[in-house]
Protein chains: 4
Amino acid sequence: MSEAKPELPRRERQSAARANQILDAAAALFAERGFHRTTTRDIAEAADVAEGTLYNYFANKDDLLIGVLQRLSESIETISAPMYQISTDARAYFTALLEVIQSVQEQNLVRILAILSEIMANAELRARFYSQLVDPGIQALERNLKPLTANGQIRQADTAGLARLLASFFIGLFFLELLGDPVVSNDRNRIDEVSLSVIFDGIIAKNQEDQSR
Amino acid sequence: MSEAKPELPRRERQSAARANQILDAAAALFAERGFHRTTTRDIAEAADVAEGTLYNYFANKDDLLIGVLQRLSESIETISAPMYQISTDARAYFTALLEVIQSVQEQNLVRILAILSEIMANAELRARFYSQLVDPGIQALERNLKPLTANGQIRQADTAGLARLLASFFIGLFFLELLGDPVVSNDRNRIDEVSLSVIFDGIIAKNQEDQSR
Amino acid sequence: MSEAKPELPRRERQSAARANQILDAAAALFAERGFHRTTTRDIAEAADVAEGTLYNYFANKDDLLIGVLQRLSESIETISAPMYQISTDARAYFTALLEVIQSVQEQNLVRILAILSEIMANAELRARFYSQLVDPGIQALERNLKPLTANGQIRQADTAGLARLLASFFIGLFFLELLGDPVVSNDRNRIDEVSLSVIFDGIIAKNQEDQSR
Amino acid sequence: MSEAKPELPRRERQSAARANQILDAAAALFAERGFHRTTTRDIAEAADVAEGTLYNYFANKDDLLIGVLQRLSESIETISAPMYQISTDARAYFTALLEVIQSVQEQNLVRILAILSEIMANAELRARFYSQLVDPGIQALERNLKPLTANGQIRQADTAGLARLLASFFIGLFFLELLGDPVVSNDRNRIDEVSLSVIFDGIIAKNQEDQSR
DNA sequence: AATGAATGAGGGTTCATTCAT
DNA sequence: CATGAATGAACCCTCATTCAT
């Protein structure tokens, strides 16, 4: 449960703790009311430090977002690390994938919202978000899909395309939940079932398919 | 169903034109640099009117976003209206669906980006966005999927769930493109092919499925 | 009850009526919320004319105040005209004076308040207010006090000073009422009685006076 | 009764000094050109601070007026405190009263004008002005008049009414001076003499009174 | 390293005034 | 004369950032 950085000098540990305390406060406020509607004063208050102190840890307000992104990035790596070995059985893999994604969302919701609040308006943030989080995620997906395709469990040969398709779906699902769609928000199991069904069998009825063979 | 626009008095026509001119300028700027980084002064300049004029047409800056949303809503209705009849053949429907969605995105990219730039920070906007655009879109999907399920072309009985799944996919795809993913951005055909393949046949290889039975 | 200006051409009568309609609206609003918190739009709406129309009758917003002052001035002249003959008996005169002043206040409250709202901030208005209203009032007082002094009914020889003293008292009383002092606001008779008592007999007990002779 | 001001921490002393510096600048400008014609920029410049600094000390522009009123209130209390013991001899009391009032006016003219400039347009300010300044002043008058009435030096039994009458007179006198009446402005002694004469003996000649009995 | 008062550029909005219709 | 949309200067206020303590 404690961070696995045992050997830092006390000074640095305290400093890192303070920085995290600030980032957590900032993330919570950004998530709640957006980056621009959050003032540095708000953040300082929530983090229980003086406004000037923020600037001992971060170059400016934008830098706080970068910091939140960093923490998010680290957290996701930790959570999703175990996934990199399971990809031997397709059913097992996709089932696990849904779970891991949901777990990432739950544990990092605030950070994700914080970043999303400004992602459209900040090109640098957008680029970092893609290269630090989205792209690595897609790469990981590809890495895991490849053996499944190689051993014939996945028919679709375009692994890169398939990874994008799956990523899109997950991203979109998150967004629908954000928007408060009642089915996605309150009936997630149902969505998961439909997803697995489509992943495994497609949408189109097989009878018809069989007939057409 | 269409407004009786032809015979409006000149005053009102001019007024509407002016409002649109302002909205277009606002949308372009919001899309480019986000809602908060756009000043009313910027908008007025871009729209070639005085700053005060904005307030003859819109109550405040937020109201401009609502206006953009309204225009987006109308535009989408216009574009997607033809879809409401085609759902007889599944393959034809999904093919057409991909096209319509792409066309909506292309023609309204700026408006969509404008709204997205503020959607995380503005709960009211979020609610309107969902209820005016997303929910109607999902409802339309459901309406079109139902006959296909009824006549056995779609196996998945949970139409509502399926509609969410498809919507999620489209939303996520849009987002990936926004983030500059190279495959999605530059090779859209490839994505469409993979999508149709998955929709029709699923991901998992059928042979294996048969074997595992 | 109708204004005694029978022989104006119709055009001019209409024009004057419009101007008065605007002035009355302006006065009411100025009185209610002050000169600066009243917008020309408010006035136009209340007067049921377009904003631009105001400027066909008045040079600018300040000019409206001057106009209100003019109307007030005329109204006061009308009301107080009868006073200019009564000054033969001191008791009768002062009693009548209290009544006339109250009547002026009641019939012109709105106009007075309108002007007071800006009188401290507008030196020109202040000067006009003094020279058109206050000074003439004081002069009239002097004119009426003089015969009373001449025939020995008033002991105080400094008529000018006495007129100021009386004027001060009336002005201050008006102000106390404005401020909502409960005694002055709700018990005006009581104030009048005390006033007359002091005017006639002074404050200091006469017994003592007599003894000191 | 006096604040324990001597041992305040330096920070707080500096802060209070700064607030007063701002209030004095604001009062001077409000008095000169009125509340609404004074901009926050003007005030900041006059107080030699940045505009933003104003808002570290006062919530908004209106709050500056409240602050001026507070200072005025304190100053008046200080000046008029000695009055609370003198009321044993009527002549001495009224003579002292005139002096104290004049001294209050002189030392607080700017503050009074500042508040008057907005008092008609701001109901809250009006209420505060009455309850913090006018009413306490009247109460003090009553407190001082009572013993004089009790020991027979004042004939008028309606102390409350008499206090209003006197207050009205002082207020009106101040107003006449403001309006630039030449007698009141340049010949104050004369007014004081007439006032004392009327207070002591009334206006009406006593001989005649005696005769008319 | 921590503080928080001071800063002042910049923001959204108002409103008296103008002028083409 | 009447209209009311257009104007843009000016206003009050916010807030990220700095810096003396």
Side-chain angles (χ1 to χ4, degrees), chain A residues 11 14-15 18-19 35-45 47-64, chain B residues 10-12 14-15 18-19 22 35-45 47-64, chain C residues 11 14-15 18 35-45 47-64, chain D residues 10-12 14-15 18-19 22 36-45 47-64:
Chain A
R11 268 276 173 75
Q14 281 186 350
S15 171
R18 193 62 85 96
F35 179 75
H36 278 102
R37 296 198 210 270
T38 301
T39 70
T40 50
R41 180 190 301 234
D42 291 337
I43 298 169
E45 257 172 41
D48 203 35
V49 296
E51 233 176 317
T53 304
L54 301 183
Y55 291 85
N56 289 331
Y57 293 90
F58 302 94
N60 50 44
K61 198 185 168 193
D62 279 18
D63 203 30
L64 285 166
Chain B
R10 187 168 8 131
R11 267 274 170 82
E12 292 194 25
Q14 279 188 350
S15 172
R18 194 69 90 129
I22 291 170
F35 179 75
H36 277 103
R37 298 200 208 267
T38 302
T39 70
T40 52
R41 202 169 314 239
D42 292 336
I43 298 169
E45 252 172 48
D48 203 36
V49 297
E51 224 175 326
T53 303
L54 300 184
Y55 293 85
N56 289 335
Y57 293 90
F58 302 93
N60 49 44
K61 200 184 165 195
D62 278 18
D63 203 30
L64 284 166
Chain C
R11 267 278 173 77
Q14 281 187 348
S15 172
R18 191 63 82 98
F35 179 74
H36 277 103
R37 296 196 210 272
T38 302
T39 71
T40 51
R41 180 190 300 234
D42 291 337
I43 299 169
E45 256 172 43
D48 204 35
V49 297
E51 233 176 318
T53 303
L54 300 183
Y55 291 85
N56 290 331
Y57 293 90
F58 302 93
N60 49 44
K61 199 185 165 192
D62 279 18
D63 203 31
L64 285 165
Chain D
R10 184 166 14 127
R11 265 276 172 77
E12 290 192 25
Q14 279 189 352
S15 172
R18 192 70 89 126
I22 292 171
H36 277 104
R37 296 200 209 268
T38 302
T39 71
T40 52
R41 198 175 313 241
D42 292 336
I43 299 169
E45 252 172 48
D48 202 36
V49 296
E51 222 175 328
T53 302
L54 301 184
Y55 293 86
N56 288 335
Y57 292 89
F58 302 94
N60 48 45
K61 201 185 165 194
D62 278 17
D63 202 30
L64 284 165

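Chain naming here is simple, since letters A, B, ... match the order of the sequence lines and numbering starts at 1 in each. These numbers come from the heavy atoms of this one structure, side chains and all, not from hydrogens, waters or symmetry mates. It should be emphasised that the depicted structure is a prediction, and the values quoted were computed from it without experimental measurement.
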Find which nucleotide of DNA chain F each of C:Asn56 and A:Ala59 is nearest to by heavy atoms, and output the residue with the more 5' nucleotide.
C:Asn56
Integer-rounded Å distance: F:dT7 C1' and C:Arg41 CZ
13 Å
To the nearest 0.5 angstrom, please state how far the CG atom of D:Asn60 sits from the OG1 atom of D:Thr40.
11.0 Å
Could you give me the CA-CA distance, side-chain angles and deciding distance for C:Asp62 and C:Phe35, then say whether side-chain contact (heavy atoms from CB on, under 4.5 Å) is met?
CA-CA 9 Å; C:Asp62 279 18; C:Phe35 179 74; 3.3 Å; yes
Closest to the A:Tyr57 side chain: E:dA2, F:dC12, E:dT7?
E:dA2
Separation between CG (B:Leu54) and CG (B:Asn56), nearest 0.5 Å, reads 8.5 Å
What is the distance from CG of C:Asn60 to C1' of E:dC19, rounded to the nearest Å?
17 Å
Separation of E:dT3 atom P from A:Ile43 atom CD1, nearest Å, is 15 Å
Suppose we define a pair by two distances each less than 3.5 Å, Watson-Crick or G-U wobble; what does F:dT14 pair with here?
E:dA9
In whole angstrom, what separates D:His36's NE2 from E:dA16's C1'?
15 Å
Donor-acceptor contact present, side-chain C:Asp63 to main-chain C:Ala59, <3.5 Å:
yes
Tell me whether the OP1 or OP2 atom of E:dA6 has a side-chain N or O from D:Arg18 closer than 4.0 Å.
yes
Give the rounded distance in Å between these two atoms: CD of D:Glu51 and C1' of F:dC12.
8 Å
Without decimals, in angstroms, what is the distance between C:Arg37 CZ and F:dC11 P?
16 Å
Which residue lies more 5' along DNA chain E, comparing B:Gly52 with D:Gly52 via nearest heavy atoms
D:Gly52
Side chain of C:Lys61, heavy atoms from C-beta onward: which of E:dA5, E:dA16, F:dA6 has the nearest atom to it?
E:dA16
Within less than 4.0 Å of OP1 or OP2 of F:dA5, is there a side-chain N or O belonging to B:Thr53?
no
For B:Gln14 and E:dA20, what is the distance between atoms CD and P respectively, to the nearest whole Å?
14 Å
Check every strand shown and say whether A:Thr40 touches a base, only sugar-phosphate, or nothing at a heavy-atom separation below 4.0 Å.
base
Starting at the 5' end of DNA chain F and moving along, which residue's nearest nucleotide shows up first, C:Ala50 or A:Asp62?
C:Ala50
Taking pairing as Watson-Crick or G-U wobble with both contacts under 3.5 Å, can you name the mate of E:dT21, or confirm there isn't one?
F:dA2
Which whole-number value in Å describes the distance from B:Tyr55 OH to E:dG11 P?
12 Å
What is the nucleic acid contact for B:Thr39, judged by heavy atoms within less than 4.0 Å: base, sugar-phosphate only, or nothing?
sugar-phosphate
Here the gap from C:Arg41 atom CZ to C:Glu51 atom CD, rounded to the nearest 0.5 Å, amounts to 5.5 Å
